[in-house]
Amino acid sequence: MITVAKELLGKYLVRVTAEGNIVARIVEVEAYGGSDDSASHAYKGIRERNRVMFGEPGHAYVYFTYGMHFCLNVKAEHTGIPGAVLIRAVEIIDGLELAGRNRSAKSSIELSNGPGKLTKAMNITKAHNGIDLVKTTQLYICKPEDSERSEISASTRIGIKTAKEKLWRFCISNEPYQKNGH
DNA sequence: GAGAAGATCTCCT
DNA sequence: GGAGATCTTCTCA
């Protein structure tokens with residue numbers, strides 16, 4: 001799963017809507033495990049909400065939190081094994097104007113440098129929970145053509161109170177997107 | 001059935 | 001820098 005999280009960095013997340021396409025490069029992710037990770041939704045076992053985390057790899061796990069925010073995860077373990085990668089920040093490559101219409105932000109960076117921000121900018125909702133990010137044409141992940149390996153830095157995860165010792169947050173170095181970055 | 005907490009964001013001071 | 005917003009889900013009685 002850690003490997004998958006690192007591989008997701010630099011990949012393109014493509015959102016296809018009736019109004020146009022939004023292409024974004026993934027620049028920051030966090031890995032969440034299962035029963036061995038007390039910060040994970042899957043820690044206490046399978047629930048109606050988190051059942052995607054136990055499902056097939058490559059599927060989207062979208063959950064609603066704080067009464068107003070959606071967070072986008074990618075299932076990253078084999079079927080039956082809990083484990084997902086939270087997409088924390090993306091860099092909008094294409095469709096900036098469209099994303100800006102969904103969210104008011106001062107800059108392209110502020111448009112998508114947080115889990116709740118990027119889902120709003122890309123119009124990702126609970127309706128996308130459980131979709132296949134490989135086969136679905138509405139929302140999918142693809143490799144960039146120039147897939148040169150970027151410098152990846154690891155750090156502790158943000159916004160959680162337990163399992164802080166795990167360095168499971170990964171971001172591309174030299175990216176200005178890191179909110180609390182070092 | 002009721003209460004509390006939460007992988008966050010934005011506004012106000 | 002700090003606190004409020006807002007609603008889904010889980011836990012406990």
Side-chain angles (χ1 to χ4, degrees), chain A residues 1-2 4-6 8-9 13 15 22 24 26-55 57-77 81-92 96 99-131 133 139 141 152-172 175-182:
Chain A
M1 183 185 55
I2 302 292
V4 179
K6 288 179 181 174
L8 274 174
L9 283 173
L13 179 67
R15 176 81 171 98
I22 301 174
I26 300 167
V27 297
E28 185 180 344
V29 297
E30 279 180 10
Y32 285 89
S35 56
D36 60 336
D37 182 5
S38 58
S40 170
H41 285 174
Y43 178 63
K44 291 179 181 175
I46 189 165
R47 296 278 185 276
E48 179 57 32
R49 177 169 75 152
N50 66 12
R51 69 177 198 281
V52 177
M53 283 188 85
F54 292 79
H59 283 223
Y61 169 41
V62 183
Y63 67 88
F64 193 71
T65 189
Y66 291 102
M68 56 181 77
H69 299 299
F70 292 104
C71 292
L72 174 65
N73 297 247
V74 182
K75 175 74 202 313
E77 283 287 2
I81 302 173
V85 177
L86 167 72
I87 298 177
R88 285 195 62 88
V90 298
E91 175 188 7
I92 308 281
L96 194 61
R101 260 184 281 167
N102 294 330
R103 244 186 67 76
S104 59
K106 294 168 191 166
S107 66
S108 63
I109 292 175
E110 295 209 351
L111 200 59
S112 57
N113 67 341
K117 293 182 185 180
L118 77 91
T119 51
K120 195 174 181 188
M122 297 182 78
N123 198 22
I124 295 168
T125 67
K126 206 175 172 182
H128 299 94
N129 188 34
I131 66 167
L133 287 173
L139 179 68
I141 289 173
I152 294 172
S153 54
S155 60
T156 54
R157 292 174 292 183
I158 293 171
I160 55 173
K161 291 173 181 172
T162 57
K164 283 186 171 179
E165 74 282 358
K166 287 181 166 62
L167 295 176
W168 283 6
R169 172 176 170 241
F170 304 101
C171 47
I172 296 176
E175 281 286 346
Y177 280 73
Q178 300 140 33
K179 208 178 183 181
N180 306 333
H182 288 287

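In what follows, every chain begins at residue 1, and chains take the letters A, B, ... in the order their sequences are listed. Values below: all heavy atoms of this structure, side chains included; hydrogens, waters and symmetry mates excluded.
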Could you check how far NE2 of His69(A) sits from P of dA5(B), rounded to whole Å?
19 Å

Expressed as a whole number of angstroms, how long is the span from Leu72(A):CG to dT8(B):P?
14 Å

Side chains of Asn123(A) and Ile22(A): does their closest heavy-atom pair fall under 4.5 Å?
no

Check the geometry between Phe64(A) and dT8(C) and answer yes if their rings are stacked (centres below 5.5 Å, planes below 30°), otherwise no.
no

In whole angstroms, how far is the C1' atom of dT8(B) from the CG atom of Leu118(A)?
12 Å

Between dG6(B), dA5(C), dC9(B), spot the one nearest the side chain of Lys161(A), thanks.
dG6(B)

Would you check if the side chain of Asn129(A) reaches a backbone N or O of Lys126(A) as a donor-acceptor pair within less than 3.5 Å?
no

For DNA chain C, just give me the dot-bracket, please: Watson-Crick or G-U, both distances below 3.5 Å, ( ) intra-strand, [ ] crossing earlier pairs, | paired with another strand, . unpaired.
|||||.||||||.

Atom-pair distance (OH on Tyr32(A); P on dG6(B)), nearest Å:
13 Å

Is the phosphate of dT10(B) approached by Lys120(A) (side-chain N or O, under 4.0 Å from OP1 or OP2)?
no

5'-most by nearest nucleotide on DNA chain B - Val85(A) or Arg103(A):
Val85(A)

Report yes if some heavy atom in the side chain of Arg47(A) is under 4.5 Å from a heavy atom in the side chain of Phe54(A); otherwise report no.
no

Send over the distance from Ile160(A) CD1 to dA5(B) P, rounded to a whole Å.
18 Å

If we ignore hydrogens and angles and just use 3.5 Å, is the side chain of Asn73(A) paired with the main-chain N or O of His59(A) as donor and acceptor?
no

Separation of Ile158(A) atom CD1 from dT8(B) atom P, in whole Å?
8 Å

Have a look at Lys164(A) and say if it touches a base, only the backbone sugar-phosphate, or nothing, with a 4.0 Å heavy-atom cut-off.
nothing

Counting distance alone, no hydrogens or angles: does the base of dA7(B) have a donor or acceptor under 3.5 Å from a partner atom on the side chain of Tyr63(A)?
yes

Rounded to whole angstrom units, what separation is found between the NZ atom of Lys117(A) and the P atom of dC11(B)?
10 Å

5' priority, DNA chain C, between Thr65(A) and Asn50(A) [closest heavy atom]
Thr65(A)

Which heavy atom in Val62(A) sits nearest to a heavy atom in Ile124(A), and how many Å separate them?
CG2-CG2, 4.1 Å

Classify the side chain of His41(A) and the base of dA7(B) as holding, or not holding, a donor-acceptor pair under 3.5 Å.
yes

Not counting sequence neighbours, which residues clear side-chain hydrogen bond (donor to acceptor under 3.5 Å, both in side chains) with Arg51(A)? List them please.
Glu48(A)

dA7(B) phosphate, OP1 or OP2, under 4.0 Å from Arg169(A) side-chain N/O:
no

Just to be sure I understand the rule, does Arg47(A) reach a base, reach only the sugar-phosphate, or reach nothing, if contact means heavy atoms closer than 4.0 Å?
sugar-phosphate

5' priority, DNA chain C, between Met68(A) and Lys44(A) [closest heavy atom]:
Met68(A)

For the side chain of Lys75(A) and the backbone of Glu77(A), is there at least one donor-acceptor N/O pair under 3.5 Å apart?
yes

